[in-house]
Participant: 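The structure follows.
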Amino acid sequence: MLWSKLFIPTLREIPAEAEVPSHQLLLRAGYIRQLAAGIYSYLFLAQRSLLKIQQIVRQEMDAIGAQEVLLPALHPAEIWQESGRWDIMAENMFRLKDRFQRDLCLGMTHEEIAAVLARGELRSYKQLPQIWYQIQTKFRDEARPKSGLLRVRQFLMKDSYSFDLDQAGLDIAYEKHYQAYRRIFNRCGLEYMAVEALSGAMGGSQSHEFMVASEAGEDSVVFCQACGYSANLQKAVSQPALPSIDDPPGDLKPEPFHTPGRKTISEVAGFTALPETSQMKSLVLMADGKPVLVLLRGDHQLSEPKFAAISGDPEFRPAHPEEIREYFGASAGSLGPVGIKNMTILADRALAGRHNMIAGANRDDYHLRNVTLGEDFEAELHDLRQVAPRDECLHCGRELEIRKAMEIGHIFKLGYKYSESMGLRVLNAEGKEIPPIMGSYGIGIERILSAAIELYHDRDGMILPPAIAPFSVVVTPANNADAAQMSAAHDIYTKCLALGLDALLDDRDERPGVKFKDADLIGVPYRITVGKKLAGGLVELVERKTRKTTDVAAAEAAASVVQLIS
RNA sequence: CGGGCCGUGGCGCAGCCUGGCUAGCGCGCUUGCUUGGGGUGCAAGAGGUCCCGGGUUCAAAUCCCGGCGGCCCGACCA
């Protein structure tokens, strides 16, 4: 295509609202424009790149036998009420009414719709397994859209749904997706990790997230360089770093002492001259309307997802001050497990085997020393803590690393949640009605582009992997006034097209500097510069990523690019 | 939902605190000349409901009240 005819509105300056690199560059390079918070128009370059990504996704989904469909984006409320998610999705779902005042919503995901389609059509085990996928616009009324295309209210998702006769079948569908996702992200040129993840509001048993390490990400991943263990911080497990000092020996009895005004762990640690690892942290949470006392080592943080899973109440909340006073007779800051009989006590495993620790005395401004789990009080032991820096890998002992990351894909073994709630049934070989088992698998299309930009850019612009760049090569005559250069550039451009390259001819009547800057900005992987060396029959082949420049014969230029890309 | 910042030609900003002439600068845009290997130089132009509504005042971009919108932090997040 001829650049002079295209609408590629590049900006010299960074729009004030853009913070993260991908957002800044998408705006500057003329890929996107904002319509409202979390809602963007995709201009020519973005659309071109997104179509390439979608094509890769399609090819790999087709390769595992998945069938492309297109489900509605507009859903009647009843479907979501059946699964119970009409309420669960709360404010995150866009809702509207039709002219008859019937409730509708815009689809934020499609488990329900896929299940409804399946229950109307699937009758026999002979029709299984099935994998249906679509690439479609999703709508989510995010509390806080941010970071350009990273968290938006309308976006493209490849989502697929598998239906199998039994667990073994689901395992196969899951593994197929896992491998297909690896191929997709590899082909898109991304460096990524597949990590263990929580299922969240999706429900289900097993789940992996595909993550790209980036400071712009909103998640944290924990991983082990030695054995390859990796998990979302929400789910990760670890061996905690040892306490800073040994516990006092002996079987000592709890003993109250005055701690005026010392409420936080660090205040009590300072006051007692004992490290935070010697303190017992007491949290009071309300789960299913009942109080639960949670105990952690002083330096540890509660993992809210783990507590939600253990308590069975995803809607749990911290107890209010009045409730704490009612149950403990003291305020937060002086709470502890000794003498507490009126509620469940959960203790983190890091407290097992510890002796003579410091805990609140359930009397304002008093704490107890010499508190020992199993002797002075009883508690259920669970993994309740969030992995912290310096923790060790549970599998191999190596120190774990924690990094910020962005999610680009997520796969779930759903189990029977939707088949049962939505009444999906097929006859098995024995003629008995059974619910199929489901899986659900998603890829954020725009996030692949955003992640690639976050990973690969420099101060001049994007450095897109060739597979997802809007163009593979740009042919740039340095001087439009030079008829020989222009004509040679045209020839090379035509040859590129003939060889199947996505080529762009920068025929704009601009100074060479402008053309070079723009080419760098929009991230075209290769540039063929037709300039003064043409007199000697040579042109320059420049690799965007390395800036490496090679002189090649004008007649060979197009073929050289083909060679580099394949 | 809590906290913070911000709305002034297409973009980046100044002016506002301390109200006052015709709202200014850089970039971009148009035209002409010039230049032609990393955002060329010169000249002449076009382009603004100062987010919206109300109030105070002789006078409001500026002060006050109320909205709307955008960004960031936190909470939330399949």
Side-chain angles (χ1 to χ4, degrees), chain A residues 7 9-20 23-24 27-28 30 33-40 80 83 85 88-93 107-112 138-148 150-153 155 157-159 161 197-204 207 209 216-219 232 234 304-305 308 314-315 317-318 406-412 414 417-418 440-444 447 459-461 476-483 485-486 506 508-521 527 529-534 539-540 542 547 549:
Chain A
F7 182 60
T10 57
L11 304 173
R12 293 178 72 145
E13 294 182 272
I14 302 171
E17 72 267 16
E19 194 94 348
V20 301
H23 189 195
Q24 295 178 344
L27 287 168
R28 278 196 61 210
R33 288 295 183 261
Q34 183 178 42
L35 180 63
I39 306 177
Y40 288 87
W80 286 81
S83 70
R85 293 208 292 182
I88 289 174
M89 291 310 187
E91 301 302 316
N92 278 328
M93 186 183 260
M108 49 194 300
T109 179
H110 280 70
E111 283 75 20
E112 279 81 355
K138 299 287 190 264
F139 299 90
R140 295 184 186 181
D141 194 0
E142 292 289 344
R144 185 150 92 80
K146 54 180 283 201
S147 306
L150 284 182
R151 180 157 294 275
V152 288
R153 296 195 288 175
F155 61 98
M157 179 189 266
K158 188 290 298 179
D159 47 324
Y161 305 93
L198 290 173
S199 302
M202 275 295 190
S207 140
E209 284 168 325
E218 300 177 90
D219 286 280
N232 192 305
Q234 295 182 316
E304 297 186 5
E315 308 274 288
R317 61 169 174 84
M406 64 175 80
E407 178 188 351
I408 52 173
H410 201 160
I411 59 179
F412 301 85
L414 291 176
K417 172 173 169 162
Y418 298 93
S440 155
Y441 318 85
I443 289 179
R447 280 190 177 179
R459 79 191 79 68
D460 292 317
T476 307
N479 182 358
N480 280 30
D482 184 321
Q485 286 183 20
M486 283 303 272
D506 194 351
R508 295 175 299 167
D509 188 13
E510 290 286 354
R511 304 261 314 174
V514 173
K515 298 187 191 183
F516 297 156
K517 288 285 185 194
D518 274 345
D520 286 353
L521 183 58
R527 188 179 81 215
T529 307
V530 182
K532 289 170 181 147
K533 294 173 188 165
L534 185 66
V539 296
E540 289 169 4
V542 186
R547 290 254 158 67
T549 303

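By convention in this document, chain letters (A, B, ...) are assigned in the order of the sequence lines, proteins followed by strands, and residues within each chain are numbered from 1.
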Participant: Rounded to the nearest angstrom, tell me the gap between atom CG in A:Asp506 and atom C1' in B:G36.
Facilitator: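 Rounded to whole Å, this separation is 14 Å.
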
Participant: Over all heavy atoms of both residues, which pair between A:Met406 and A:Ala216 is shortest? Give the atoms and the distance, please.
Facilitator: CE-CB, 4.3 Å

Participant: From the set B:G39, B:C72, B:C77, return the single nucleotide nearest to any side-chain atom of A:Arg151.
Facilitator: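 Among B:G39, B:C72, B:C77, the one nearest the side chain of A:Arg151 is B:C77.
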
Participant: Round to a whole Å and report the spacing from CD of A:Glu142 to P of B:C71.
Facilitator: 13 Å

Participant: Which part of the nucleic acid, if any, lies within reach of A:Glu407 when heavy atoms closer than 4.0 Å are counted: base, sugar-phosphate only, or nothing?
Facilitator: nothing

Participant: Taking atom P in both B:C64 and B:G7, what distance in whole Å separates the two?
Facilitator: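 Approximately 15 Å lies between the P atom of B:C64 and that of B:G7.
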
Participant: Hey, does A:Ala36 reach any base, or is it just sugar-phosphate, or nothing, if we go heavy atoms under 4.0 Å?
Facilitator: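 Here A:Ala36 touches the backbone only, sparing every base.
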
Participant: So how far is it from A:Glu209 CD to A:Leu198 CG, rounded to the nearest 0.5 Å?
Facilitator: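 With rounding to 0.5 Å, CD (A:Glu209) is 8.0 Å from CG (A:Leu198).
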
Participant: Could you give the NZ-to-P distance, from A:Lys517 to B:U40, as a whole number of Å?
Facilitator: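 Roughly 10 Å, once rounded to whole Å.
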
Participant: Requiring both pairing distances under 3.5 angstrom, list the stems that contain RNA chain B and are made of three or more consecutive Watson-Crick or G-U pairs.
Facilitator: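 Consecutive-pair runs (3 or more) involving RNA chain B: B:1-7 with B:68-74, B:10-13 with B:24-27, B:29-33 with B:41-45, B:51-55 with B:63-67.
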
Participant: A:Gln24 has an atom CD; how far is it from atom P of B:G12, in whole Å?
Facilitator: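 From A:Gln24 CD to B:G12 P: 12 Å.
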
Participant: Which part of the nucleic acid does A:Phe155 contact within heavy-atom distance under 4.0 Å: base, sugar-phosphate only, or nothing?
Facilitator: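 Touches a base.
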
Participant: Answer yes or no: is there a side-chain heavy-atom contact under 4.5 Å between A:Met108 and A:Arg153?
Facilitator: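 Contact flag for A:Met108/A:Arg153 side chains = no.
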
Participant: Spell out protein contact along nucleotides 41-49 of chain B as letters: B when the base is contacted, S when just the sugar-phosphate is, - when no protein heavy atom is under 4.0 Å; keep the 5' to 3' order.
Facilitator: ---------

Participant: Can you find a heavy atom in the side chain of A:Met486 that is under 4.5 Å from one in the side chain of A:Pro477?
Facilitator: yes

Participant: Report yes if a donor N or O on one partner sits less than 3.5 Å from an acceptor N or O on the other, where the partners are the side chain of A:Asp520 and the base of B:G38; otherwise report no.
Facilitator: yes

Participant: Whole Å only: how far is the CZ atom of A:Arg459 from the P atom of B:G38?
Facilitator: 16 Å

Participant: Got a salt bridge between A:Lys417 and A:Glu111, using NZ or NE/NH1/NH2 to carboxylate O under 4.0 Å?
Facilitator: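 No.
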
Participant: Rounded to the nearest angstrom, tell me the gap between atom CZ in A:Arg144 and atom P in B:C73.
Facilitator: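 It is 5 Å, rounded to the nearest whole Å.
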
Participant: Measuring only the P atom in each nucleotide, how far is B:A59 from B:G54? A whole number of Å is fine.
Facilitator: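 Nearest-Å result for B:A59 against B:G54 at atom P: 15 Å.
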
Participant: Per the atom types in the model, does the base of B:G39 pair as donor or acceptor with the side chain of A:Asp518 at under 3.5 Å?
Facilitator: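 When only heavy-atom distances are counted, A:Asp518 does reach the base of B:G39 through a donor-acceptor pair under 3.5 Å.
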
Participant: Which value, rounded to the nearest 0.5 Å, describes the distance between A:Lys515 atom NZ and A:Arg527 atom CZ?
Facilitator: 11.0 Å

Participant: Roughly how many Å is it from CZ in A:Phe516 to P in B:G36, rounded to a whole number?
Facilitator: 15 Å

Participant: Which nucleotides of nucleotides 26-35 of chain B have their base under 4.0 Å from a protein heavy atom (B), which only their sugar-phosphate (S), and which neither (-), written as one string 5' to 3'?
Facilitator: BSS------B

Participant: If we take the P atom in both B:G24 and B:G48, what is their distance in whole Å?
Facilitator: 14 Å

Participant: Would you indicate which nucleotide in B:C72, B:G39, B:G37 comes nearest to any side-chain atom of A:Thr529?
Facilitator: B:G37

Participant: Determine the interatomic distance between C1' on B:U22 and the same-named atom on B:G15; round to the nearest Å.
Facilitator: 15 Å

Participant: Considering heavy-atom distances to RNA chain B, does A:Lys138 or A:Pro15 have its closest nucleotide positioned more toward the 5' end?
Facilitator: A:Pro15

Participant: On a heavy-atom basis, which atom in A:Arg547 and which in A:Asp520 lie closest, and how many Å separate them?
Facilitator: NH2-OD2, 3.2 Å

Participant: Would you mind reporting whether A:Arg28 and A:Thr10 have side-chain heavy atoms less than 4.5 Å apart?
Facilitator: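 Result no, sub-4.5 Å side-chain heavy-atom pair not found.
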
Participant: Are any non-hydrogen side-chain atoms of A:Gln34 and A:Tyr40 less than 4.5 angstrom apart?
Facilitator: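 A side-chain contact exists here, since the closest heavy-atom pair is under 4.5 Å.
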
Participant: Are any non-hydrogen side-chain atoms of A:Asp460 and A:Lys517 less than 4.5 angstrom apart?
Facilitator: yes

Participant: Give the rounded distance in Å between these two atoms: CZ of A:Arg28 and C1' of B:G12.
Facilitator: 12 Å

Participant: Between A:Asp141 and A:Glu91, what is the shortest heavy-atom contact and its length?
Facilitator: CB-O, 3.5 Å

Participant: Considering only the C1' atoms, how many Å lie between B:C73 and B:C52, rounded to the nearest integer?
Facilitator: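 These two C1' atoms come out 28 Å apart once rounded.
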
Participant: Base, sugar-phosphate or nothing for A:Arg33? Non-hydrogen atoms, less than 4.0 Å.
Facilitator: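 Touches nothing.
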
Participant: At less than 4.0 Å, is any side-chain N or O atom of A:Lys532 found next to OP1 or OP2 of B:G36? Yes or no.
Facilitator: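 For B:G36, OP1/OP2 do not have a side-chain N/O of A:Lys532 under 4.0 Å.
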
Participant: Any chance you could lay out the side chain to side chain donor-acceptor pair (under 3.5 Å) test for A:His110 and A:Lys138, step after step, and finish with the verdict?
Facilitator: CA-CA 9 Å; A:His110 280 70; A:Lys138 299 287 190 264; 3.1 Å; yes

Participant: What distance, rounded to whole Å, do you find between the two C1' atoms, one in B:C72 and one in B:G10?
Facilitator: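 About 25 Å, rounded to a whole number of Å.
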
Participant: Can you tell me, in whole Å, how much space there is between the C1' of B:G26 and that of B:U8?
Facilitator: 15 Å

Participant: So, are A:Arg508 and A:Asp518 salt-bridged, with charged N and O less than 4.0 Å apart?
Facilitator: yes

Participant: Under 4.0 angstrom, heavy atoms only, what part of the nucleic acid is A:Thr549 near: base, sugar-phosphate, or nothing?
Facilitator: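 If one applies the 4.0 Å heavy-atom cut-off, A:Thr549 turns out to touch nothing in the nucleic acid.
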
Participant: Taking any heavy-atom pair under 4.0 Å as a contact, classify A:Ala143: base, sugar-phosphate, or nothing.
Facilitator: base

Participant: Report which part of the nucleic acid A:Ala16 touches: base, sugar-phosphate, or nothing (heavy-atom distance under 4.0 Å, all strands).
Facilitator: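 Sugar-phosphate contact only - A:Ala16 comes under 4.0 Å of backbone atoms but never of a base.
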
Participant: Quick one: closest heavy-atom pair of A:Ser83 and A:Glu112, and the distance?
Facilitator: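 Shortest heavy-atom contact: OG-OE2, 2.5 Å.
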
Participant: For the P atoms, the ones on B:G3 and on B:G66, what distance do you get once it is rounded to whole angstrom?
Facilitator: 15 Å

Participant: For A:Met157 and A:Gln34, take the nucleotide of RNA chain B holding the closest heavy atom to each; which residue's nucleotide lies nearer the 5' end?
Facilitator: A:Gln34

